[in-house]
Each structure stands twice: as structure tokens, then as C-alpha cells.
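Down below is the structure, laid out as C-alpha cells.
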Amino acid sequence: ISRIEKYFQCPFGYFLNNGLKLQECQPWKISGADTGDLLHWAVCEYCKAVDGKSDNPKEKKANWNERTDEESKTLISNIMEKVCASMEFSEYEEEKTKNVLDKIKQALEKSVKIVNLSMKNGKYTGAGYEVEFSEKEIKNSEGLVKIKGIIDRVDIYEDFDAGKAYIRIIDYKSGEKGYKRERILNKVDLQLMVYAIAAVDMYKEKAFAGLSGELEPEIKGVFYDKINKNLIECEYSEGFGAEDLWIKNAKLDGRVFSPE
């Protein structure tokens, strides 16, 4: 009945709405969550590509140590081409999309530089990226709780002399969330702690390719890596200047655990 009424009110309007089924154009935009997800995915893809197909920790380490700036730039360009190919947009949205992708690429270049420093300086190697776990049981005062999730990055160093497998948890954040001890104690931010428990169990289950899984696992650190597109924009200068300030502000945010 309502359609008949609308037809007699305005036949042309009825034709537009019910014949052509026209809809009001929505303003084009990519939300902050979208750019964060794209950047998040791009960083993980970069790490996987640098590691290569080898599961051997020594070969992975060599890949990171031998990577040049030019190789990194080429890899970033290839990843951004994949990002662009995965997006659908009209010719009218092309310029806006290009601007957004340029910003993501700039943020990716800075994020990659921090990841490079993190992987080169130390004995850790990436044991897994976007590591999925499910049905892990954690005991609390109420009983057993089953959990599942995806860990952005698990770094592990097996020290056979000490009989230890040192584990480092990295969670990429494109927002402003940081590590706060009081939030963990108040049980309102358990993400990193749950990831740490899951990673220990997975190591014991020999879930990480290329590692023995036979040493005693020990969590050495849990961190947020703020791959934020709002990282400090600045021109590099010599000495302790702009680049040093940028790196200082982009450092990992979390806690290192030392034996008591």
C-alpha cells in the first residue's frame, strides 16, 4: 500500500527509488581502524618476507642482519602494491586513496625501521607471526577459562648452554594503548599476559618450526610496538637530533622480566 501511495504522490520519485533503486552517495573515507589494520598486516608481511622460507634461526638472523635499506624499500613497495590491489575504489576516489596509501607507506617505512633495529640488535629471531592459538586453558579463582587469540609476533632465543628458551611477545598497536602495570593488576588489560602463557604452552608443544621445543621456556619480555601513523614527523639531522628523538618515541612499550 505504501508503495502505491508513493507512486501517486510522485511517479518519477517512485521510479528512481524502486525502479533504478538509487541510493544516496556516501562520503568516501577510510577509517582509522582500516588504516591501522592495513599497517598491521603490512608489518607482519614484511617480517615474514625477510625471514624467508627457512625455519632455521641462524638463517633467519642472517637475513635480517644482511638486509640493506634498498632491499627494505623494494620490499615495502611490493607490499604496498598488494595493499592497493586489495582495495576497490572508483576513478573519483583514486586521488583520495592514493593520499591514504602514501601515509600508510610512510608509517610502514618508519615502523619497519624500528622492527629492523629490534631484530638485528640481540639474539632473538621471529618464531612466528600472527600466531593463532585456541582452547588454551587458564585457571583462575572461578575455575578453568578457555581462551583463543592471535599473537602478532613471538620472538624466541634458545640458549642451549643455559638450558633456556627465552620468549619475547610483541603486539602491534596502531592506536594509543600502552603498557600500564596497574591495568594488568586490576585485570582490565590481560592481553600480553595471556599471550605469554599461550606462547609458553605452544613452545612446549613444539609448535614453532625450527626450534627444539625441549628447553625450559621463560618469558623475558612483553611489549606493545606502536606502529602508529602519527609517529613524529621530522627531517633527519646528524647527531642526537630529530632521528634520535623519533626512535626514542617509537621504542617498544612494555616490561622486561629478570630472574629474581
Side-chain angles (χ1 to χ4, degrees), residues 40 43-44 47-48 50-51 55-58 60-61 64 111 114-227 250-260:
H40 186 132
V43 172
C44 287
C47 292
K48 292 175 185 177
V50 175
D51 272 358
D55 292 325
N56 186 290
K58 291 184 178 180
K60 288 183 179 181
K61 193 69 176 176
W64 284 94
S111 299
I114 298 301
V115 174
N116 283 336
L117 289 172
S118 174
M119 298 299 278
K120 287 181 178 181
N121 297 320
K123 298 180 179 180
Y124 288 94
T125 55
Y129 307 99
E130 296 180 309
V131 180
E132 186 172 358
F133 64 90
S134 61
E135 300 302 320
K136 295 296 179 184
E137 295 184 344
I138 295 181
K139 187 176 182 180
N140 62 13
S141 58
E142 303 297 326
L144 288 177
V145 178
K146 291 185 178 181
I147 59 173
K148 63 180 180 179
I150 299 176
I151 310 173
D152 289 338
R153 193 173 105 211
V154 180
D155 297 341
I156 298 179
Y157 165 56
E158 286 189 313
D159 187 343
F160 288 92
D161 292 333
K164 298 273 190 178
Y166 300 117
I167 301 174
R168 179 171 67 185
I169 303 297
I170 308 290
D171 186 66
Y172 297 125
K173 288 297 177 191
S174 55
E176 297 299 324
K177 182 178 179 180
Y179 179 90
K180 294 186 182 298
R181 184 170 178 269
E182 60 272 18
R183 289 179 59 83
I184 296 174
L185 295 177
N186 290 325
K187 301 178 181 178
V188 295
D189 185 6
L190 299 177
Q191 186 178 24
L192 289 176
M193 299 301 110
V194 169
Y195 286 175
I197 294 171
V200 167
D201 288 345
M202 293 177 73
Y203 176 80
K204 292 179 179 178
E205 295 166 0
K206 299 185 178 182
F208 297 111
L211 299 176
S212 71
E214 298 177 353
L215 306 181
E216 180 183 351
E218 181 177 318
I219 296 295
K220 294 301 290 184
V222 292
F223 304 96
Y224 288 123
D225 187 350
K226 297 183 179 181
I227 52 172
K251 67 181 180 181
L252 298 177
D253 182 18
R255 179 175 178 181
V256 175
F257 296 100
S258 300
E260 306 225 341

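Applying the salt bridge (Lys or Arg N to Asp or Glu O under 4.0 Å) test to Asp189 and every residue at least two apart in sequence or in another chain returns Lys177.
Using a 4.5 Å heavy-atom threshold, the side chains of Tyr157 and Lys220 count as separate. Within the 4.5 Å cutoff, the side chain of Asp51 has heavy atoms near those of the Tyr129 side chain. Looking at Val131 and Phe208, their side chains come closer than 4.5 Å, going by heavy atoms from C-beta outward. Within the 4.5 Å cutoff, no side-chain heavy atoms of Lys60 are placed close to those of Met119. In this structure, the side chains of Tyr224 and Leu192 come closer than 4.5 Å at one or more pairs of heavy atoms.
The OH atom of Tyr195 sits 9.5 Å away from the CD1 atom of Ile147 when rounded to the nearest 0.5 Å. Interatomic distance, Asp161 CG to Leu215 CG, rounded to the nearest 0.5 Å: 10.0 Å. With rounding to the nearest 0.5 angstrom, the NZ atom of Lys123 is 6.5 Å from the CG atom of Asp159. For the atom pair Leu211 CG and Met202 CE, the distance stands at 11.5 Å (nearest 0.5 Å).
Scanning both residues, Pro57 and Thr125, for their nearest heavy atoms gives O-CG2, 3.4 Å. Closest of all the heavy-atom pairs between Tyr203 and Ser212 is OH-OG, 3.6 Å.
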Could you list the donor-acceptor pairs under 3.5 angstrom formed by side chains in residues 149-156, with sequence neighbours left out?
residue	atom	partner	partner atom	Å
Asp152	OD1	His40	NE2	2.8
Asp152	OD2	His40	NE2	3.4
Asp152	OD2	Tyr172	N	2.7
Arg153	NE	Asp155	OD1	3.1
Arg153	NE	Asp155	OD2	3.2
Arg153	NH1	Tyr172	OH	3.1
Arg153	NH2	Ser118	OG	3.3
Arg153	NH2	Asp155	OD2	2.9
Asp155	OD2	Arg168	NE	3.1
Asp155	OD2	Arg168	NH2	2.9

Could you list the donor-acceptor pairs under 3.5 angstrom formed by side chains in residues 179-186, with sequence neighbours left out?
residue	atom	partner	partner atom	Å
Asn186	ND2	Glu182	O	3.0

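Screening Glu216, Glu158, Glu218 against Tyr166 for a side chain to side chain contact (heavy atoms under 4.5 Å, CB included) leaves a single residue, Glu218.
Under a cut-off of 6.0 angstrom, the local environment of NZ in Lys120 is crowded, with over 12 non-hydrogen atoms contributed by other residues, nucleotides or ligands. Atom NZ of Lys148 is surrounded by 12 or fewer heavy atoms from other residues, nucleotides or ligands within 6.0 Å.
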